[in-house]
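Nothing here was measured: the structure is a model prediction, and the numbers come from that model.
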Amino acid sequence: MYTFSNKLKTFSFVLMILGALGVGYGFMTSHKSFEEVEHLLAEESHHGGGHGEEAAHAAPSHDEHATDSHEEGHGETAHAEVDEHTKHIEHVQHQIANRPWSALYVAAFFFMMIALGVLAFYAIQIASQAGWSPVLFRVMEGITAYMLPGALIVMAIAVGSHFLGHDSIFMWMNPDVINPESDHYDKLIDGKSSFLNLPWFIIRGLIFIAGWYAYRHFSRKFSIAQDTAEDKSNFKKSFRISAGFLVFFIYTESMMSWDWIMSVDPHWFSTLFGWYVFASMFVSGITVIALITIYLKSRNYLEFVNENHLHDVAKFMFAFSIFWTYLWFSQFMLIWYSNIPEEVTYFVTRFQDYKLPFLGMVVMNFVFPILMLMNADYKRIPWFVVMAGLVILFGHYIDIFNMIMPATVGDRWFIGIPEISSVLLFAGLFIFVVFTALTKAPLLVKGYPFRKESEEFHY
């Protein structure tokens, strides 16, 4: 039985406290006044900043207005320029206020998707009756314990950003965008309002979470019951519900990715997006399985796990890194080649304002795993897999960052206190929940039919 050490427990609490303090600081410093934002843009203009330059050009001085006010035509133009200037300041003000909400949401979704990816991987192992992986089942079950709190937190932030953050993340939640009499009316979003509306968004989310949790609850229950059972009835039940869950998962994961990520850009859509998010969550989940397995084995808790098991997990890390890259390139290439304005704007924004993270994640999620994990021998070296895994996880955090931030904060992005603190907060919570769950049952499944095959597994 695994014992949650006081050192690790303290470490997780320290991460949560530091993260909470940093998140609080991020929210406190994100509310800039109109004058502060105007001054910020003026400084950027002075130093050659793009937005500041535009704001400076769009803002004629009060003296200019006084001199030319007798000319009606010029006066109208000047007033239009002032209106544009004011709108631009308010837009940037809103983007700055959005940043802590977005940083919190990115980190919350990232850790939730790790647990959800592991849940899908676990179901695949049972449904396919894999013989190599049963010795890792309890590690997977521990990680999936975070799925329920993680998903509920994501939902809470999404809804909270509407009521407390003035639609910081999802612009379609603003009732003005579907009000034809409002200045903010958006015909395209209004056309999607039968699907993109808050009550239906919450109902769908709760259905997703309830289905995922039901599978996790019963599969865990059958797994533990099988340890002391005299027959294979619990194994058969696990097999049946795993097969059913995978059908439910493939639909709900796609819809979840539309709701929780793609709808931050409600004017844009991609038919590949569900698969793209799935690839990211799957490889991240498998990577965390490898990292926690290596940690537990280093503490002499998984003596039945050998280098062959590590090799196979690392092989999945490598394979799904390639799969992610295939989907990334397919989505990018098709949209770039067709060059349809309402589609290509998604990538134009990311190339203009997010070139470093957008292209950098391709290096971290594709080039680095290829170089590090292609060799079979390297997959058996724990410190090598840890190093590759940490880079892959950071790369997929940046992937989620690139999905959310351009639509919510525009070019006002930066990886600073709000972003780092949000990661620390949820990393601490993730560690606490996962390692607490690991203490609730023996780390080796006892009555599973393929246990012996898994223990003796050799590649």
- request: Might you work through the salt bridge (Lys or Arg N to Asp or Glu O under 4.0 Å) test for K452 and E455, ending with a clear yes or no?
  value: CA-CA 5 Å; K452 187 170 179 62; E455 286 183 288; over 6 Å; no
- prompt: After noting the C-alpha distance and the side-chain angles of L291 and L390, does the key distance pass the side chain to side chain contact (heavy atoms under 4.5 Å, CB included) rule?
  reply: CA-CA 9 Å; L291 296 181; L390 292 176; 4.2 Å; yes
message: Show, in sequence, the C-alpha distance, side-chain angles and deciding distance for F222 and K236, and conclude whether the side chain to side chain contact (heavy atoms under 4.5 Å, CB included) test is met.
response: CA-CA 9 Å; F222 296 149; K236 292 176 182 177; over 6 Å; no
message: H396 vs T287, test: side chain to side chain contact (heavy atoms under 4.5 Å, CB included). Steps then yes/no.
response: CA-CA 11 Å; H396 285 284; T287 300; over 6 Å; no
task: Before giving the answer on side chain to side chain contact (heavy atoms under 4.5 Å, CB included), spell out for T29 and I417 the whole-Å C-alpha distance, their side-chain angles and the decisive distance to 0.1 Å.
output: CA-CA 11 Å; T29 57; I417 291 177; over 6 Å; no
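Ring pair F110/F426: centre-to-centre distance not below 6.0 Å. Y122 has its ring centre less than 6.0 Å from the ring centre of F137. Taking the six-membered ring for Trp, F366 and F329 have ring centres at least 6.0 Å apart. In this structure, the ring of W336 has its center no less than 6.0 angstrom from the ring center of F347. Here F278 and F282 bring their ring centres to under 6.0 angstrom of each other.
With rounding to the nearest 0.5 Å, the separation of CZ in F195 from CZ in F201 is 10.0 Å. Taken to the nearest 0.5 Å, the OG1 atom of T436 stands 13.0 Å off from the OH atom of Y146. To the nearest 0.5 angstrom, R216 atom CZ is 13.0 Å from L116 atom CG. Here the CG atom belonging to L356 is positioned 8.5 Å from the CD1 atom belonging to I415, to the nearest 0.5 angstrom. A distance of 5.0 Å separates CE of M171 from NE2 of H267, quoted to the nearest 0.5 Å. Once rounded to the nearest 0.5 Å, the distance linking NE2 of H162 with CG of L164 reads 10.0 Å.
Residues S284 and I114 approach most closely at CB-CG1, 4.0 Å, considering heavy atoms. Here the shortest heavy-atom pairing between L206 and M155 reads N-CE, 4.4 Å. Contact detail for Q95 and G410: the closest heavy-atom pair is NE2-CA, 3.5 Å. Nearest approach of I294 to P382, heavy atoms of both residues: CD1-O, 3.7 Å. Between V385 and K379 the shortest heavy-atom distance is CG2-O, 3.5 Å. When all heavy atoms are compared, the tightest approach of W275 to L327 is O-CD1, 3.3 Å.
At least one side-chain heavy atom of I289 sits less than 4.5 Å from a side-chain heavy atom of I143. Inter-residue side-chain proximity for I169 and V264 is flagged as met; some heavy-atom pair is nearer than 4.5 Å. Proximity of M403 to V277: side-chain heavy atoms (C-beta onward) are separated by under 4.5 Å at one or more points. I381 has its side chain out of reach of D377: every pair of non-hydrogen atoms, C-beta onward, lies at least 4.5 Å apart.
Checking each of R451, K446, R138 against D227 for a salt bridge (charged side-chain N to carboxylate O under 4.0 Å, His left out) leaves exactly one that passes, namely R138. Each of L373, V391, V362 was scored for a side chain to side chain contact (heavy atoms under 4.5 Å, CB included) with F368, with one residue passing: V391. Across F11, F13, F111, a single residue satisfies ring pair (Phe, Tyr, Trp, His ring centres under 6.0 Å) together with F432, and that is F13.
The pair D312-K315 counts as a salt bridge, with a side-chain nitrogen and a carboxylate oxygen less than 4.0 angstrom apart.
At least one cation-pi condition fails for R299 and Y2: the charged atom is not both under 6.0 angstrom from the six-membered ring centre and inside a 45 degree cone around its axis. A cation-pi arrangement is not found for R204 relative to F208, the charged atom failing to lie both closer than 6.0 Å to the ring centre and inside a 45° cone about the ring normal.
In this structure, F245 and F249 have tilted ring planes: the angle between them lies in the 30° to 60° band. Using a 30° and 60° split on the angle between ring planes, F323 and F320 fall in the perpendicular class, above 60°. Using cut-offs of 30° and 60° for the angle between ring planes, the Y346 and W268 rings count as parallel. By the 30° and 60° cut-offs, the orientation of the rings of Y105 relative to F170 is perpendicular.
Residue pairs meeting the salt bridge (charged side-chain N to carboxylate O under 4.0 Å, His left out) criterion with at least one member in residues 388-408: none, sequence neighbours excluded.
T408 and W101 form no side-chain donor-acceptor contact under 3.5 Å, judged by distance and modelled atom types alone. Remark: the N306 side chain and the H309 side chain contain an N/O donor-acceptor pair separated by less than 3.5 Å.
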